[in-house]
Amino acid sequence: MVHHGFRPTHGGRRPPPHEGVGVGTARQTDEMRDHGVDPRTRDARLGEQLAALREIWTKDEAEFHGEHIDFDPVYSWPKPVRTPPIHHGGDGSRVLARVRTYGDVWMPSAVADPTDVPARPAAADGLPVSVHNVPGADERLIDVYGEAGVERLTLFIDEFPEAQILPGLDDLAKLIERCPG
């Protein structure tokens, strides 16, 4: 039964009001180049972008000088009431180091096997974990994520014709109503 301290989120790929960031995958190198990003520098570039964002969010006169991001003093208002948490997505070996340096929450992809779930929060070693693309029809898997201490789930359901999807959405709504928060 769903009775844990997280709230499944519906209506999008990532948990509103937060957005997730990530460096992309090797399959996206052509797209990166099309946008002027050298795939070999994507990790360093993202780190600087996040550091620069925090400067802008927290300082009246923000300035940043890095290898990839460089700007003289700028003014930007309104400032966030609180610094928005950065959800850092990814499953690679270097992701957790990036989350510890530049982010606040680790946002890995879902695993399908409930026995693999506890490894996610254990690997995060104290970092909050918000898992995305969890199959919404798998109530046991959702329970296991809650028992493992995951703070938030974004549920995924397959696309089907309307006659098939509406009953699934009704079931998902009942599941979400049973969740706290």
Side-chain angles (χ1 to χ4, degrees), residues 1-28 30-32 34-35 42 46 49-50 53 57 78 80-96 98-100 102-181:
M1 290 301 171
V2 176
H3 59 292
H4 311 289
F6 63 79
R7 179 181 174 106
T9 303
H10 60 286
R13 285 180 38 106
R14 295 190 176 95
H18 313 294
E19 289 294 324
V21 298
V23 296
T25 69
R27 294 184 309 266
Q28 298 168 316
D30 288 341
E31 182 179 353
M32 288 178 208
D34 287 346
H35 291 277
R42 66 187 192 214
L46 179 62
Q49 289 169 328
L50 294 174
L53 268 178
W57 288 338
V81 174
R82 64 178 180 87
T83 302
I86 296 174
H87 287 64
H88 205 305
D91 298 300
S93 60
R94 298 179 295 189
V95 171
L96 286 171
R98 282 196 302 270
V99 177
R100 289 187 202 308
Y102 305 112
D104 303 294
V105 179
W106 180 32
M107 195 174 69
S109 297
V111 295
D113 184 345
T115 61
D116 293 335
V117 168
R120 296 299 187 153
D125 192 30
L127 283 170
V129 179
S130 176
V131 179
H132 68 100
N133 288 338
V134 176
D138 191 340
E139 190 171 326
R140 177 65 191 133
L141 183 62
I142 293 168
D143 284 340
V144 172
Y145 273 111
E147 292 161 7
V150 171
E151 82 169 19
R152 183 179 283 215
L153 302 177
T154 302
L155 304 178
F156 170 82
I157 58 172
D158 288 316
E159 293 182 35
F160 293 107
E162 183 177 341
Q164 290 176 290
I165 198 77
L166 290 178
L169 288 172
D170 289 339
D171 292 342
L172 187 58
K174 289 174 190 169
L175 175 68
I176 290 171
E177 286 173 9
R178 294 185 7 228
C179 297

Give a yes or no on whether the backbone of Ser109 and the side-chain of Arg120 come within a donor-acceptor separation of less than 3.5 Å.
yes
Rounding to 0.5 Å, atoms NE2 (His88) and CG (Leu127) come to a distance of 11.0 Å
Only residue of Asp116, Val117, Val150 satisfying side-chain contact (heavy atoms from CB on, under 4.5 Å) with Val144 is Val117
Rounding to 0.5 Å, atoms CE (Met107) and CG (Asp91) come to a distance of 10.0 Å
Shortest non-hydrogen pair, Pro114 vs Pro118, comes out as O-CD, 3.6 Å
So CD of Gln49 and CZ of Arg42: to nearest 0.5 Å the spacing works out to 13.0 Å
| Less than 4.5 Å apart, any side-chain heavy atom of Pro108 and any of Val129? | yes
Between the NE2 atom in His87 and the CZ atom in Arg152, the distance rounded to the nearest 0.5 Å is 6.0 Å
Shortest non-hydrogen pair, Val95 vs Gly89, comes out as CG1-O, 4.1 Å
Fill in: Derivation and outcome, side chain to side chain contact (heavy atoms under 4.5 Å, CB included), residues Leu166 and Glu162
CA-CA 6 Å; Leu166 290 178; Glu162 183 177 341; 3.5 Å; yes
When you compare the side chain of Arg98 with that of Leu50, does any pair of heavy atoms fall below 4.5 Å?
no
Rounding to 0.5 Å, atoms CH2 (Trp57) and CZ (Arg82) come to a distance of 10.5 Å
Between Trp106 and Ala123 the two heavy atoms that sit nearest each other are CZ3-CB, 4.3 Å
Heavy-atom nearest pair, Leu153 first then Ile142, reads CD1-CG2, 3.8 Å
Closest heavy-atom pair, Pro121 versus Ala148, reported as atoms and distance to 0.1 Å, is CG-O, 3.2 Å
Could you check whether atom CD of Gln164 has more than 12 heavy atoms from other residues, nucleotides or ligands sitting under 6.0 Å from it?
yes
(Q) Pair Asp125, Arg100 - check side chain to side chain contact (heavy atoms under 4.5 Å, CB included), show working. (A) CA-CA 10 Å; Asp125 192 30; Arg100 289 187 202 308; 3.5 Å; yes
> Would Glu151 and Val105 count as a side chain to side chain contact (heavy atoms under 4.5 Å, CB included) if you check the C-alpha gap in whole Å, the side-chain angles of each, and the deciding distance to 0.1 Å?
Replying inline: CA-CA 10 Å; Glu151 82 169 19; Val105 179; 4.2 Å; yes
